[in-house]
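Heads up: the structure comes next, in structure tokens.
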Amino acid sequence: MIKVVKFGGSSLADANQFKKVAEIVKSDPSRRYVVASAPGKRNAHDEKVTDLLLQCYKLVKDKRDVTATFEKIKNRYRDIIRDLDLDFSLEEEFSGILTALMHHAGSDYIASRGEYLNAKLLAAYLQFPFIDAEDCVLFDENGRLDTEETNAELRSLMGMHEYAVLPGFYGVNPDGSIRTFSRGGSDITGSIVAAAANADIYENWTDVSGMLMADPRIVDDPRPIAEITYRELRELSYMGASVMHEEAIFPVRKAQIPINIRNTNAPEAPGTMIVPKATTDMSDTVITGVAGKKGITAIHVEKEMMNAEVGFGKKVLEVLENYNVSFEHLPSGIDTMSVLVADKAIEEFKGAITADMVKKVNPDSITLVENLALIAIVCRGMVNTEGTAARVFGALAGAGVNVRMIDQGSSEQNIIVAVDEKDYKTSIIAIYHEFVK
Ligand code: ASP
């Protein structure tokens, strides 16, 4: 059994957190490859080391003094080393990084040093070898991960070490320069390492006990999700519910490796299992979760006999394409077609887009409805459960919410409804309580 375990920034923010991490790793010998983030926030007012590094980069660029900010970074690591009572030093690394900084090293290189230093420190503490991501996470000329080469390099390095710590978040370009993933990218590294190691499970340790059935800022104390499929996860994260970098799903999903979201501060909690295929047809709550997003505009296009006009839809969508606007949903009726787009995406071109659509398809009417919210009810058992939709609409009606549009994708994994933004919270609360008593 091989487990790849990734610890996020808050799990490695200070010595106390390092101790928890060591306990977790050492309590299970199958936890063999550990991926580390940079030290995150110790409290709500704290700064992440990655942010401090990026501040340093900017200061140098603006020809300003970096001493104070760089000192803060050094002290984060020095404090951890001192509080763990470790006979270990990063002073040489610090001066190397400062020199690079003063010689205008690239921003990715600077940003990546948080992970580099933290993984070295964690490796020393766990007494595991350190494998540098620079030697095995390889990007191609276009800045995309070279999956095959990366797998081969990772496998050969991991083959040499039974246990190891690797820094998350970065890899190397073909020219030898450092490249980072987007922010939060250590999740991606963990997933890549899990796939290369052919791990039985990818454990992603963070500061919450898994995914919740609804946004805790809207619903009081929502239940955690015990099991969710990759597909359901995708639907919920599209709506903004997320505990992990979106792209981190793909490497493990391809290799059919389950992800377990766990809480470093509550290691006894089972967390959420993200699985390729559900072990049960349906959760005991019928729905897996409910999530939503605001800021949606609907463009309603109406034209008699639209269904008989070949290429009608294509022409409408082409107008959006010309303005580089992607659409979110496309519910349609017999003589109507509605295109749902993000408010932000069309903000500047509303008038121009409407005018172009009039020119292209000559509709009977075209109307824009702004300030809508989408709500997705995600539920793998929908196909087999009668009355789920009825319960959703009953709950919304009971809460006095007017449903503006309905969209049930062909996957039957979810029902999406559009409501007015002002009804956003009420809708989520009503749906949640309909299914969770
Ligand atoms: N340290 C990086 C960030 O703050 C990457 C990560 O933590 O995953 O975005």
Side-chain angles (χ1 to χ4, degrees), residues 4-14 17-18 20-21 24 33-58 69-70 72-77 80 90 93-94 97 101 105-123 130-134 136-137 139 143 145 150 165-172 178-195 202-208 211 237 242-252 259-265 274:
V4 168
V5 290
K6 178 257 167 181
F7 291 92
S10 59
S11 301
L12 292 166
D14 61 21
Q17 293 301 86
F18 265 69
K20 293 183 195 170
V21 166
I24 291 165
Y33 300 108
V34 182
V35 174
S37 275
K41 293 185 183 185
R42 291 161 293 187
N43 55 59
H45 312 288
D46 202 11
E47 287 167 298
K48 289 179 169 193
V49 165
T50 311
D51 290 325
L52 291 170
L53 285 161
L54 287 167
Q55 278 174 34
C56 286
Y57 173 80
K58 179 134 197 317
T69 313
F70 199 69
K72 278 196 207 168
I73 297 170
K74 290 197 278 192
N75 285 337
R76 291 292 304 264
Y77 295 100
I80 298 173
L90 287 169
E93 278 82 359
F94 293 151
I97 295 167
L101 198 52
S107 67
D108 280 21
Y109 170 80
I110 297 302
S112 74
R113 295 303 89 185
E115 269 70 14
Y116 170 78
L117 295 167
N118 222 24
K120 282 214 134 176
L121 176 45
L122 184 61
F130 167 80
I131 296 179
D132 198 343
E134 183 179 336
C136 48
V137 177
F139 291 96
L145 185 80
T150 298
V165 177
L166 298 94
F169 191 38
Y170 70 93
V172 68
I178 295 289
R179 180 181 196 94
T180 59
F181 293 108
S182 55
R183 293 300 303 266
S186 297
D187 286 336
I188 308 175
T189 311
S191 181
I192 294 167
V193 173
Y202 169 31
E203 289 181 347
N204 191 299
W205 291 81
T206 171
D207 52 9
V208 288
M211 285 194 78
S237 19
S242 114
V243 281
M244 223 181 35
H245 195 297
E246 253 192 310
E247 289 166 45
I249 300 176
F250 302 109
V252 278
I259 307 172
N260 189 195
I261 308 285
R262 298 285 292 267
N263 189 349
T264 302
N265 306 317
I274 304 167

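Read the numbers this way: they start at 1 and go in the same order the structure lists the ligands and their atoms. Only heavy atoms go into these numbers, but all of them, side chains included; no hydrogens, no water, no symmetry mates.
Heavy-atom contacts of Ser186 reach the following atoms of ligand 1: 5 (C), 6 (C), 7 (O), 8 (O) (cutoff under 4.0 Å). Against a heavy-atom cut-off of under 4.0 Å, Thr50 is close to the following atoms of ligand 1: 1 (N), 2 (C), 3 (C), 4 (O). Every atom of ligand 1 with a heavy atom of Ser37 under 4.0 Å away is listed here by number and element: 6 (C), 7 (O), 8 (O). Near Arg183, the atoms of ligand 1 lying under 4.0 angstrom from a non-hydrogen atom of the residue are 3 (C), 4 (O), 9 (O).
Among the candidates Asp132, Thr189, Thr180, the single residue satisfying the side chain to side chain donor-acceptor pair (under 3.5 Å) test with Tyr170 is Asp132.
Distances from ligand 1 to the non-hydrogen atoms of Glu115 include at least one value under 4.0 Å. Gly185 counts as a contact of ligand 1, since one of its heavy atoms falls under 4.0 Å from the ligand.
The distance criterion of under 3.5 Å between nitrogen or oxygen atoms is met by Gly184 with respect to ligand 1. The distance criterion of under 3.5 Å between nitrogen or oxygen atoms is not met by Lys6 with respect to ligand 1.
For residues 33-47, the salt bridge (charged side-chain N to carboxylate O under 4.0 Å, His left out) pairs, not counting sequence neighbours, are Arg42-Asp46, Asp46-Arg76, Glu47-Lys72.
Residues Glu115 and Val49 form no side-chain contact, since every pair of their non-hydrogen atoms from C-beta on lies 4.5 Å or further apart.
When heavy-atom distances to ligand 1 are checked against a 4.0 Å cut-off, Lys48 comes that close only through its side chain, counted from C-beta outward.
Between the side chains of Tyr57 and Asp108, no donor-acceptor pair of N or O atoms lies under 3.5 Å. With hydrogens and angles left out, the side-chain atoms of Lys20 and Gln17 include a donor and acceptor closer than 3.5 Å.
A ring-centre distance under 6.0 Å is found for Phe181 and Phe139.
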Ignoring hydrogens and angles, write down the donor-acceptor pairs under 3.5 Å from the side chains of residues 245-252, residues two or more places apart or on other chains.
residue : atom : partner : partner atom : Å
His245  : ND1  : Glu247  : N            : 3.1
His245  : NE2  : Ser182  : OG           : 2.8
Glu246  : OE2  : Arg234  : NH1          : 2.9

